[in-house]
Amino acid sequence: MQDLATPLAAWYATAARDLPWRRPGFGAWGTLVSEFMLQQTPVARVIPHLQAWLSRWPAPADLAADAPAEAVRQWANLGYPRRALWLHRAAVEIRDRHDGVVPRDVETLLSLTGIGDYTARAVAVFAYGDRHPVVDTNTRRVLARAVEGRAQSGPPSRRDLDAMEALLPADVATSTVVNAAAMELGATVCTARAPRCDACPLASACAWRAAGYPVTEDRRRRQARYEGSDRHARGAVLRTLRDAAPRPVALAEVIAQWPDPAQRDRAIDSLIADGLAEASEELLRLPR
DNA sequence: TAAACGTGGGA
DNA sequence: TTCCCAAGTTT
C-alpha cells in the first residue's frame, strides 16, 4: 500500500480548521464533552453548546454533583438527548471510580457509559497523545475511497480499526496528527456528496480516483422519515419537559401535546424506560 | 447485525 | 418538498 500518512500529515499542517478542542491545553474533560456532543451532531452546532457546558461544569465532578435533569436541560436541542444522560453518568463514574480524572486507558474509557470504540480512542489520542487508530465516519469514507477504491464506506466494522492501524506511522506524535488528518480530510475535502478531489492531498494515491470514480454498491439503508415518527413524538414530549424544567409538567399538558394517543404513550413510556423522564402522581419531569 | 435514537441545514 | 447527511452507542 502507498504511504498515505506522509501527505496526510503535511496537508493537515496547512489545512486544519481552528476548532476549540484543538487548542493547546483544552483538557481531557473538554475533549470528552466535545466527543459526546459530536456523536452525530455537526461541528457548527456543537461549538456554542460546548463552551456553555464547560463554563458551567469545568470538571467531571462539577457535572456529577448536579442532577441528570440539568444535563438534559443544558443539552438543549443538540439531539439524541440520551447522550446528555450518558455524559452525566460517565461523569459520576469518573468521580466515583477514577478520582475525578478522565481515564487515559482505552479499555477503561470503554467501560464508561456512552463511550464506544470511537470516543474511547479519540480521548486517548487527542487528549492524551497516545497511539491508537481513531475511526469515525469521515475516516471510514477516506479509507473506502483512497484504499479500497469504493465510492462510499460499507457498514462500520472492527476491521476499520485494523485498516487505520495499518496506515499509522510508528512515531506517536505523528500518528496523532494522521488520525486527525484523516478525519479532517473526510470532513472538508473527501466529503460524502461532492468530494473536492482537485484539492485532495491523496489524489495521486487514491484508488477510487485511479479506477475512474466507479459507482460502487451502496448498502446503506435510507434514514427513516422523521416527521410523524416515534422519534418525533419523543422529541416533542422531551422538549416540553425541558422547557418547563425544573417545574414538572402535568400529564394532561403532555397529552395535549401530541395528537396520536398510542404514539404519545409509547413516547412517554420509552422516555421513562431510558431514564430521560420520571413519572410521579399525574406529573412528568426530567430525571432527578 | 440491525434497528432505534433528534435535530437542523444544505442541495 | 424531500432527501441526505452529520467526530456513534446501545440493545
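Here the structure is a predicted model, which is why all the values come from computation and not from measurement. Naming: A, B, ... by sequence-line order, numbering from 1 per chain.
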Euclidean distance for P, B:dA11 against C:dA7 (whole angstrom): 15 Å

Under 3.5 Å donor-acceptor, A:Asp160 side chain and A:Ser157 backbone: yes

Residue-level proximity of residues 238-251 of chain A to DNA chain B when a heavy atom falls under 4.0 Å: A:Arg239, A:Arg242

Among A:Arg266, A:Arg264, A:Arg225, salt bridge (charged side-chain N to carboxylate O under 4.0 Å, His left out) partner for A:Asp230: A:Arg266

Between C:dA6 and B:dC5 - C1' atom distance, rounded Å: 14 Å

Touch class at under 4.0 angstrom, heavy-atom based, for A:Phe36 against every strand present: nothing

Ionic contact status for A:Arg131 with A:Glu165, cut-off 4.0 Å: yes

First encountered from the 5' end of DNA chain B, between A:Pro155 and A:Arg83: A:Pro155

Residues that A:Trp29 engages under ring-ring contact (aromatic ring centres under 6.0 Å, His included), provided they are two or more places apart: none

Whether A:Trp53 and A:Trp75 hold their rings parallel, tilted or perpendicular, with breakpoints at 30° and 60°: perpendicular

Under 3.5 Å donor-acceptor, A:Thr216 side chain and A:Ala151 backbone: yes

Outermost nucleotides of DNA chain B that come under 4.0 Å of a non-hydrogen atom of chain A: B:dA3 to B:dA11

Nearest-angstrom distance, C1' atom, C:dG8 to B:dT1: 16 Å

Expected output: side-chain A:Arg242 to main-chain A:Ala76 donor-acceptor under 3.5 Å: yes

A:Tyr128: ring-ring contact (aromatic ring centres under 6.0 Å, His included) partners, not counting sequence neighbours: none

Main-chain N/O of A:Thr113 paired with A:Glu93 side-chain donor or acceptor, under 3.5 Å: yes

Base versus backbone protein contacts along nucleotides 5-11 of chain C [heavy-atom cut-off under 4.0 Å; B, S, -]: BBBBSS-

Atom C1', compared across C:dT1 and B:dG8: separation rounded to whole Å: 16 Å

A:Ser111 side chain vs A:Thr108 backbone, donor-acceptor pair below 3.5 Å: yes

Apart from A:Tyr213 itself, residues in the same hydrophobic cluster as defined by side-chain heavy atoms under 4.5 Å: A:Trp208

